[in-house]
Number of protein chains: 2
Amino acid sequence: MDVLNPPNPPATVEEFRDRLAAVSDSLPRRLRQCADHIAANIDRIAVSTVAELAAGAGVPPSALMRFCQIMGYSGFSELQKMFREAYAPGFPDYTTRLANLKTGGAGSPSALLAEFVEAGRLSLETLAKSADEAALVEAVDILATARTVHIIGLRRAFPVASYLAYVFEKMQVPAMLHDGVGALDHRHALRDGDAVLAITFAPYSVETVAIASDAQARGLPVVALTDRLTSPIARASRAILMVTEVDFGAFRSLSATLAMAMALAVAVGSRRK
Amino acid sequence: MDVLNPPNPPATVEEFRDRLAAVSDSLPRRLRQCADHIAANIDRIAVSTVAELAAGAGVPPSALMRFCQIMGYSGFSELQKMFREAYAPGFPDYTTRLANLKTGGAGSPSALLAEFVEAGRLSLETLAKSADEAALVEAVDILATARTVHIIGLRRAFPVASYLAYVFEKMQVPAMLHDGVGALDHRHALRDGDAVLAITFAPYSVETVAIASDAQARGLPVVALTDRLTSPIARASRAILMVTEVDFGAFRSLSATLAMAMALAVAVGSRRK
DNA sequence: AAGTTTTTAGAATAAATATTCCAAAACGTC
DNA sequence: GACGTTTTGGAATATTTATTCTAAAAACTT
């Protein structure tokens, strides 16, 4: 065990999240996989076994054990005990429904539609449950006081970025969309007093991370909208809005991300009046 | 095992409750203690062990095992498995969490988030109920047989258009995104055998309608993704995918539209293999 | 490129947990 | 109060699950 890790393990879910965010930067590959999977499935810890979680993370059970110890626990059992005690009731059984849907009408367009609808609903639900209010408030603060908001998001994140640009324009918030058109380097557009809103999901695009780091290096605040606390952009950001989307097959929805984006944009817009 | 007990165990929490109520009248002392304690602590089954529950009920573990079998399961593990799968994310459940988010007061960032989450969910629900299966099948047909798919969507529809372009690219469907950059007229890019996928919402952008009409005039099939059957684009389209979004204040969500877009893109992609 | 440290996988082991079984107790019937 | 039936408790066993340990691989350092 590392001397840097305090011996007292997180005693609440909040503390657990904090420690997770704190250590995940400095984790080697397998342990980071553990961290990511645990972060995305924090609500299933109480009802899972080591083997199940390890399989989900794509690591051998022993890696997950090491992860538990790095988090400050004696082992998985101690960690799980905390989650079992901290649990709260209530079961809308969506997991089983989704499983049923998947085995059902495979392939037809309307079956696909049903899948994506369900994935979207689940994502929204997860967002409601896991949203970090403090981070959201901080993000609004940063963007509401910025001179100009620079929005960057490519590939899968681009629709979100362009939507934010649209809403900001409608609300007369000075914003600039960095879209990668022409492979121009827009970094010189950053001025003192500006802020960056960076959106990226695994696999993280280097351009986005680069702009965020650049801004950070120049002392400009960065708000990140991303899918993992362990995202490479996290280090460069002052506020991290984490959104996990449920995916169906290889395709991930954007419902939760857009809901978060809308809330952010409207909050910023009305704060600036 | 009793012949009166059907061999198929309850598969949902509801069924479990029903069976519990049905049998508990005719149970001997110890087994009734089990039934009572289980009924009172139904939400702890997923996170407890046989020993814990037995102790809570004041019976030996073997009594609880017999109880599980009377309920129709092979043992405790099978019963617990059902509850673990049904165990939806524990922390505050969805509705109470939404209520919590709103306590920040109207206009607070988290209240806004709650509203947009709710709007998104409602939109998805409506879509699930009202989707026109025939139109969707026809749209997939048209796009799957097209040489190149021309995607056009501006303003609020642009994020959807760019997302479709992204998914098509990932699925190796030849597609071209008409983005209005430089106010160029891209209509001459349309060739015989191509198809147009036009996305527009009120107030409908003239560029989108123009491209659709042009394609129609030249005999190319047009698929429309829009919000009204009376949309100006409807006349020019061979298949109309109608999606109505719930709006919150002046802001309309995109959840349902994106779910439809994903289903469409994936269906087309896999049809083209 | 050789040596040092860190990280990893998986087999081996330990611990917890579930399940069975049967002798004894309780119950009901005559 | 003896006899068959049902119910019970707990010890014995089986199974699952967690944890440790070590040799090998990978990643750094110099």
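Each chain gets a letter, A, B and so on, in the order its sequence line appears, and its residues count up from 1.
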Q | Non-neighbouring partners of A:Thr49 that pass side-chain contact (heavy atoms from CB on, under 4.5 Å), sequence neighbours left out | A | A:Ala51, A:Glu52

Q. Contact boundaries of DNA chain C with chain B (under 4.0 Å, heavy atoms), 5' to 3'?
A. C:dT17 to C:dT20

Q.
Suppose the criterion is ring-ring contact (aromatic ring centres under 6.0 Å, His included): which pairs have a residue in residues 23-61 of chain B, not counting sequence neighbours?
A. none

Q: Could you tell me whether a side-chain N or O of B:Gln80 sits under 3.5 Å from a main-chain N or O of B:Phe76, the two making a donor and an acceptor?
A: no

Q.
My understanding is that only residues two or more places apart in sequence, or in another chain, count here; which of them pass side-chain contact (heavy atoms from CB on, under 4.5 Å) with A:Val59?
A. A:Arg30, A:Gln33, A:Cys34, A:Ala54, A:Ala57, A:Ala63

Q.
Expressed as a whole number of angstroms, how long is the span from B:Arg30:CZ to D:dG9:P?
A. 4 Å

Q) Going by heavy atoms in the side chains, are B:Leu113 and A:Leu136 under 4.5 Å from each other? A) yes

(Q) Rounded to whole Å, how long is the line connecting atom CZ of B:Arg32 with atom P of D:dT7? (A) 12 Å

Q: Would you mind reading off the distance between B:Met65 atom CE and D:dT13 atom P, rounded to a whole angstrom?
A: 18 Å

(Q) If I take atom CZ in residue A:Arg84 and atom P in nucleotide D:dT17, what distance separates them, rounded to the nearest angstrom? (A) 11 Å

**Q.** Within residues 48-63 of chain B, residues whose heavy atoms come under 4.0 Å of DNA chain C
**A.** B:Thr49, B:Val50, B:Ala51, B:Ser62

Q) Under the side-chain hydrogen bond (donor to acceptor under 3.5 Å, both in side chains) test, which residues partner B:Ser48, sequence neighbours left out? A) none

Q | Approximate separation, where rounding is to 0.5 Å, of A:Thr148 OG1 and A:Met176 CE | A | 9.0 Å

(Q) I want to check one thing: is the phosphate of D:dT8, taken as OP1 and OP2, less than 4.0 Å away from some side-chain N or O of B:Arg66? (A) yes

Q) Listed by chain and number, what are the salt bridge (Lys or Arg N to Asp or Glu O under 4.0 Å) partners of A:Glu15, not counting sequence neighbours? A) none

**Q.** Gap between atoms NZ and P, on B:Lys81 and D:dT16 respectively (whole Å)
**A.** 12 Å

Q) Sequence neighbours excluded, which residues qualify as side-chain contact (heavy atoms from CB on, under 4.5 Å) partners of A:Ser162? A) A:Phe158, A:Leu177, B:Phe158, B:Pro159, B:Ser162

Q. Any side-chain heavy-atom pair from A:Ile151 and A:Ile199 closer than 4.5 angstrom?
A. yes

Q: Sequence neighbours left out, what passes ring-ring contact (aromatic ring centres under 6.0 Å, His included) with B:Phe16? Give chain and number order.
A: B:Phe83

Q: Round to a whole Å and report the spacing from CZ of A:Phe76 to P of D:dT20.
A: 14 Å

Q: Between protein and nucleotides 22-30 of chain D, map the contacts as a letter string: B base, S sugar-phosphate only, - none, heavy atoms under 4.0 Å, written 5' to 3'.
A: ---------

Q: Measure the angle between the two terminal helix axes of the helix from C:dA1-D:dT30 to C:dC30-D:dG1, five base pairs each, and quote it to 10°.
A: 30°

Q) Side chains of A:Ile152 and A:Leu197: does their closest heavy-atom pair fall under 4.5 Å? A) no

(Q) Expressed as a whole number of angstroms, how long is the span from B:Phe67:CZ to D:dT8:P? (A) 13 Å

Q: Output yes when a side-chain donor or acceptor of B:Arg19 lies under 3.5 Å from a complementary backbone atom of B:Met71, and no otherwise.
A: yes

Q.
Restricting to side-chain contact (heavy atoms from CB on, under 4.5 Å), what partner residues turn up for B:Ala35, sequence neighbours left out?
A. B:Leu20, B:Ser24, B:Leu27, B:Phe67

Q) Within the pair A:Ser77 and D:dT19, is there a side-chain N or O less than 4.0 Å away from OP1 or OP2? A) yes

